[in-house]
Every structure is written in C-alpha cells, then in structure tokens.
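The block underneath contains the structure these notes are about, expressed in structure tokens.
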4 protein chains.
Amino acid sequence: MSYRINLNADIGEGFGAYDIGNDADLMTIIRSASVACGFHAGDANTMHSLTMLAKQNNVSLGVHPGFNDLWGFGRRKIEMDPHDLELMVAYQIGALQAMARYAGLPVTHLKPHGALNNMAAVREDYALAIGRAIQTVDDRIIYVALAGSQMEHAARKLGLRLAREGFADRHYEDDGNLSPRSIPGTVFKDPDKALKQCLSMVKERCLTSRQGNRVAVEVETICVHGDEPTAVAVARHVRRGLEAADCRVVALPEMFN
Amino acid sequence: MSYRINLNADIGEGFGAYDIGNDADLMTIIRSASVACGFHAGDANTMHSLTMLAKQNNVSLGVHPGFNDLWGFGRRKIEMDPHDLELMVAYQIGALQAMARYAGLPVTHLKPHGALNNMAAVREDYALAIGRAIQTVDDRIIYVALAGSQMEHAARKLGLRLAREGFADRHYEDDGNLSPRSIPGTVFKDPDKALKQCLSMVKERCLTSRQGNRVAVEVETICVHGDEPTAVAVARHVRRGLEAADCRVVALPEMFN
Amino acid sequence: MSYRINLNADIGEGFGAYDIGNDADLMTIIRSASVACGFHAGDANTMHSLTMLAKQNNVSLGVHPGFNDLWGFGRRKIEMDPHDLELMVAYQIGALQAMARYAGLPVTHLKPHGALNNMAAVREDYALAIGRAIQTVDDRIIYVALAGSQMEHAARKLGLRLAREGFADRHYEDDGNLSPRSIPGTVFKDPDKALKQCLSMVKERCLTSRQGNRVAVEVETICVHGDEPTAVAVARHVRRGLEAADCRVVALPEMFN
Amino acid sequence: MSYRINLNADIGEGFGAYDIGNDADLMTIIRSASVACGFHAGDANTMHSLTMLAKQNNVSLGVHPGFNDLWGFGRRKIEMDPHDLELMVAYQIGALQAMARYAGLPVTHLKPHGALNNMAAVREDYALAIGRAIQTVDDRIIYVALAGSQMEHAARKLGLRLAREGFADRHYEDDGNLSPRSIPGTVFKDPDKALKQCLSMVKERCLTSRQGNRVAVEVETICVHGDEPTAVAVARHVRRGLEAADCRVVALPEMFN
C-alpha cells in the first residue's frame, strides 16, 4: 500500500532590497509554496520570481496573506473589522493570481501568515472572513488550516476544500496544539526526529506528544521551514525519508484527486 | 446617423478614513470607471465599494494603476526599472480583478494615474511595460491612452485593444496636447464650453485649440472629473448634452462591438 | 476667585492629498494642539503647517503618536512589544520636535491617539512604554492621560508631569469612564450641555454622570473635537462660556506654573 | 607632520525583520555613521540599536535621509516639490535626534542616501532644500557632500559646515566624478588599491583617475562600505593603513576643531 502527503513552505518573504529565507533551495524540496503578497512581506518582484520558480520546480502555488504590517513582518496581532479583513485577503489573492499568470499557474491554496494565522486559528470571525474571501474570489482554492482550528470549522461551514496542516519540526502537546517555542527542544533541529514525526503522521495518523502520549492527527499537508540552514537540511531529509518509506510527496491539489 | 462615445472618470481615490472626490454622483454620469488600487490611493474597501457601485450603475470597470506613493498621491514622477513597473501594474490589475469578483464584473480597461500616465505618455519603456502587464494578466483589457502618446504606440505594437482618450474640460494646444493648467482658463468651468468640445470631438472628429485652430482628434472615450462640485456639474451637463445630440454614451467595451 | 483650564484638540490628521478635520477653525478655539506625526495620520507637511498655525494662534504643541497604521487611522489595536512601542513613540516625538523648530516652538505635551490611547489607558506595559519615551527624549513633556488610567499611574511612577483629561462633549458613567458612543445621546451635540459639563468639571471638580449622579473628576485639560461642523460650534461655545464664567483658558504648560 | 581624516559609512539599513549590511563590524572601523531613518530603510529599532552601538564604539552620528520609498530602497529618483523635500528631511533629522537621546549623543552630520544624494549632487533646488532643513532643525549639523557638487555649493551659500566626501573603493574620472559602476574594475576589491587612493587623497590632496591622471581632490571624510564581506575587509585595511601612515582617523566633528 502507498501513502501520499503534501509538503509546503512559506516563501517569498523578502521585500525590495531585502532578502530572507532560502527560497531557491526550499523550492526543490517542497511541492506547494505559500507566497507572501506585499502586506506583511513580499512585493510584485518576489511574487513574480517565486511563481516562475514554482513553475520550474513543479510546485503548486498558494496565497500567504498577512496583516498590513511590513514593519512587524505580520507577526503583530491586529484587531480589525472582519469585513475589512475579508477584503484585505481577497485583494492579496487577486494580486498573486495576476503574478501567477506570468508562470501560467493557477493559485490553488491559501494559508494565512503569522499573527493572522494565529488569530484565525482561534477566532471564528477571522476564520470565516478568510474563508469568504476564498469563496468569492475563487472557491476552488484550498484553505490550509491547523487541524481542529476555527479555520477548519470555517472551511467546513462554507463548503470549501480544506487541507489540515501538520508540522515536521515542531513538538505537539497532548491536546494536539503545538508546544510553545519558548520550551527548549520543541523545535526539532534533528532531521531524524522530524522525519519520524512525519512518518508517524502520514502512516499512522498520529504522533507522539511532548508528554510522550500518542495523539491522533489527520493532515493533508506538512509544513517545513527555510528560516535557517538547518531547517532546509531538516526539510530535505524529511522529503527523502518520506519517499524512501513509500510516501508519495505530491502537490496540494493532488491530495484531492 | 447616430454616434457613440464613452465617458470615463477616475474614482475610488480615498484611503482608509480619508474620502476624496464625489464618486457616488459621478457613477450616475459616467459609463466606465477607473479604480485606484492601493498604491497611489484606494484600498481594498474603496475598491470593493466602487465595484459594487459600478454594478448598480451599469458602469464598466477599469484599473487605475499608480506609483507606489500614497504620500504624493501618485503625482510624483518616479524613475524605476521598467520590469519592476510592469510587475507593479500587473499586481494592481490582479488586486482589482479579485475585488470585482464581489460584483461579478470583469475588469475591462486600464488607465494609468497621474505621474505614471504623464511619464508613459512620453516614454516608450514605461508605455510598453504597462502594455506587457495587460498582455500577461488579461489581454482583453483595453489600454486607455492619450491619443498620439507612447501609450497608443505601445498598445498597437503589442496588439492590445486601445481606447484613445479626450478631455471634456481641458483646452488643447495646436499640437494636440493638453494646454498646461497653469494657463488661466484652460480648465473649463463652463458646462457649455465642455459640452461643445465633446460634441465637436465625437461628431466632427476635431476640436478647436486654444490658439483658435481646428485640430483633428480621434477618441473612443472622454474623461470627466469629480474633484469639485463644479466638475460634477460639468460632467452631468456633458452626459445630457451628448445624449440630446444623438450620441449614445456607452460602456467602454461597447465601443469595440 | 478665578479658575483656569486648558482646552486641547487633536489636529493635523490629514495625509498627502487628504484633508480631514477643521484645523484652522479649531486652532482659534483651543490653547493646546496634539499633532499627528506620520504613523496613523499626518506627514511632514501637515506637521509643519500646524506648528506654524500654532505659533500664529498662541497654541502650545503636543505630540499625538499613534500606531503605524495609516490604513486603519490608528484605530486598530495592535499587539506589539512594549520596547518597540516605546521607540516608535520616541521617534514620533523627535519628528515633531524638528518640525516645531520651524515655528520656534517647543513640544510640551504628548497625548496618544486612538487605539494606542485606549490600550495604554488599561495596560500598564503600554502606558509605561509611552512614559519612558517621554522620559528619554524630553522629560519636561507633559503626559496627557485619561484621569484614573494606567497612563496616569505610569506618569506618576516615572515622575513625569501629568495632565488629566476630560471631555467636553462626551457623557460619563458613574465609574468615571466615558459612556460608549454606541449609546444614543452620549455625544453631546448641544453646545449648552457641553459647556455645562465643562463648567462643572472646572469649578466643582465633578460632573453629572449619565446615570444622574455626581462624580468627582480632576482635570487639567478638556478635549474638544473638530470632526464635524457641529463639533467646532460646540468647542467655540465651550471656550466662550468658560471665559464668560471667569475661567481662564490657558496653554497646557501654564497649568503647571 | 600629522594628517587627520574621517572615515564614514552608511548603516542601519535594515527594516523590521530584515537585516542588511555588517553594521556591528563596520562600527569598529569607522568614526562616523550615517543612520537610515525610516523612509528608504531603517526603523525606530534599528536607529536605537545603531545609536547605542555608536556610543560604544565612539562613533559620531549622522542622519542618512532618503526618499520615502522602502520598496525601492531609496534608489529611485523621485521628483518632488523642494519644500516637501525639505520638510521630509527635517522630519528624519528630528526622528534620529530623538533616538540618539537614548545614547546621549548629538546628531552631528547629514548625508543624503542613494537617489536623493545623486539628485542633490546635481540639482540646486534639492541641495538647498536639504541645507535648509539642516539650517532650521540644527545649524551645527555638518552637511556631507560630494566635492564640487551642488550640495557643496548649497552648504556654502547657506553658511553651513561642510564635509567633502571621497570614496575609498571607487575609481574616479578625470573630471573628479566617480566612474560608473558599470565599468568593470571601478569598484576596488583590492584593499591595497583602496588604501593607496585614500593615502593619496589625505596626504597629497589628489588621486589618480581611471584615465591615469592626477586629479586634485579635497576631502574631510572618506566613505567605506559594508555591503559585502570584502567591503568590510577593504574598510578595515584602509583604517589600519591610514593609521600606520600617520593619519589620525577622527570623528567628523573633530575635523572642524
């Protein structure tokens, strides 16, 4: 029997003269890329480069909308009217769709960035606002959501396609939430540890919590990071290890075939 | 025999808490609206409101891209790499396309704003950059250009649909260019003067220059303004006068049927 | 016996081509102006104009720092690191000090804007961060704070000069807080009602709450608004009425002589 | 006999999550730092860090004002009203003065960034606008200008202190202008070549042009770069070489004692 899973990463988070991340390397590892759209990071040029790179590497494209906060890199929580939020997300989807025309690629998923992701995970109004933007602009877009979050509920309520997301290099608590980064050792630098967690999520639909217990988990996509050289090494090891273990690493839309 | 002509205006140029122009009034007069897209003015909310208003008033939608300069309201000339410019314009087209989905309307034309319009009128590289953005994102979009400008040449070179633009309330020089605003009396506050120029442009394909000579002019669309109450009165008079004189005032795409 | 009180207003909240408020009118009524500094509103030009206008009208100058959120006009709550907040406020103080050099005026007070004001009223970390910015950049600057708020506590803790603020045109609850705007009638449009509350605050150190009870209140400054024509009329009536009732309306620093 | 010269560099050009340059290294080499102030780069945090670092390293502080163009990193020429430009520069001076209070340091020089520097070198209106901002905000601030540029003329006309600037790692033409970067070999990667040019400028008041001729040059400050590791190595070699050759490397204000 064979398994399949998607690997995704956030990319294109530079701006103007500023570069960040290891996009070119990551693009050879992941199968789906979430592209920053000019609000928390990214600009028309980074979006264009990344869509061309996605084309080259056979990677599917997603929107990575964030708060309008370049200074805070989208990591600051902002209280805003959910309708304003919806329109702000719709705007970012459209911007990426236009840039993706350069590569002839469709935009097939959406994953919120940073503080927006954190707030939408727990707030129904934000989660629904994002879902409504998807629904209006292109209802085939897959809503990538932390499993069990308000975003998962919103996607179901609005009848949107949903991809639940797990993390390769982060420890989990017994309740299925990510362990706080502040606890030492909860971000895996050991590639084997990350791979082991991924294999467990994909093949056994569960993982081992920080507390040492088995926790059920259903994911269609696993997020890897490119913030540091070690993160890229972890990602590469995960990709190879999954394939060696008979797990096909596919683009996100293929998870729905 | 019957004539037809399009009336257009620039709208949606507020931002956040800031309001500007008389959009609601103008929308009942014009048949095509060029919507600011968040760079020189406009935000996701104004774009949304205006697309809904366009729907209500049976007005066709266009992108009104500008430089990334909210402080300068897009009126400052900026020297930028033409490829960066192309991508910046493409981004703005996409953003509006997404917002237009809320009204179920297509984006059917593009008209550059302010300093970008002025520079693209005389610079081939800028004019082509804008044209290439249209070509890639949606090649059915009509390029609205000052007659005789580099934008007209660019549109022809790239095989794009072209609408040449005249002005209802501005005097022209013998060479077909607009008279500088700095010369008193070159902005018509008298509705009859504006209407007379419009009728001449539509029916006789010419106008009378500031110097008093007949100048040939071919236009598919006439721009009216909404900056001041008198401008709206002029626009309304022009619309009514054209219709009374057997000139159908149509949406821009209908000029190409 | 004679009383004295300061009248203040928030001004300079336009941006680039955008105008807002009735600054020129207000400047003839108030004695202290809080100037937006380019983050939630305002730019170098509005700051310059307002400092010149302050000079002309013998009005003292204050900083009106806000979140870095022009789109949201500083009305969106933003969670940020208090140290970042402190530096952001310090930056805005410095910017206004430079612009005030054109008028040869010192910057003598600081009053936070919008969501920053609301958050600092209830959060000690924000209130202290603002106070520390004052302390470092110029410790003679008066911290204008809602009476009883965390800002009052922060000012006392840091040993800063403090001006407690009341509102001319807003109803109060029994607990001394402002009545929510959502309750009809809590924003006074009747100039006499506003004046009566001001006289009560200045002469009797108390006011009558929405619930009809006497509430003690100590204020050194009263805020008037310029958002609408009626607000300016209210402000003018308050100024005249105070003076007619033997209350000298002085610039904020004079409250400390 | 002993010589003295200042070494300066542009620093603090990150923004939010973005880092750029090798500020910490450079700060141990230079004696004067020009700090980005939030318009083309930099934010309140980078400004604060750099002023503290300047204190630690006994480096004098200068403003490095740029156009309001983070996306273009201040490298795009912008046509703006000179009065607007003056106020924009004044604003940036004030912002840095406030941040410098954290280190207890004065702001003692100003050097325009990127496209603003290039435009002000050849345009009298821009050069004077910058000078007037200095004059109003703090007339003791030293205007750092390319020798022979409109900035030098503006500084003299306004009676400002002037520091003429040379470049350690750039070739010059016979006419005293910098050789275009597009010509191979005009940016020195060889530390000895850079040092030789510096020694020639300092001790002989001349340099050897790309064409091989002796060109007279008077400079009070030499600019070094930190964009790449090799640039830092060049800068360090220049500093050591100058000192070994009996040239004291002093902070900019010491050049005026």
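Chain letters run A, B, ... following the sequence lines, proteins first and then strands; every chain starts at 1.
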Minimal non-hydrogen separation, C/Ala90 against D/Met99, with atom names: CB-SD, 4.1 Å
How far does CG of D/Asn45 sit from NE2 of C/His83, to the nearest 0.5 angstrom? 6.5 Å
Among the listed options D/Gly94, D/Gly38, D/Cys37, D/Ala100, the residue most often paired with chain C at heavy-atom distances under 4.5 Å: D/Gly94
Among C/His48, C/Met47, C/Gln97, which residue forms the greatest number of heavy-atom pairs with chain D at distances under 4.5 Å? C/His48
Between D/Gln92 and chain C, which part of the residue has a heavy atom less than 4.5 Å away: side chain, backbone, both or neither? neither
Please tell me if the side chains of D/Leu87 and C/Tyr102 come closer than 4.5 Å, counting only heavy atoms from C-beta onward. yes
When rounded to the nearest 0.5 angstrom, what distance separates CZ in C/Arg101 from CD1 in D/Ile93? 10.5 Å
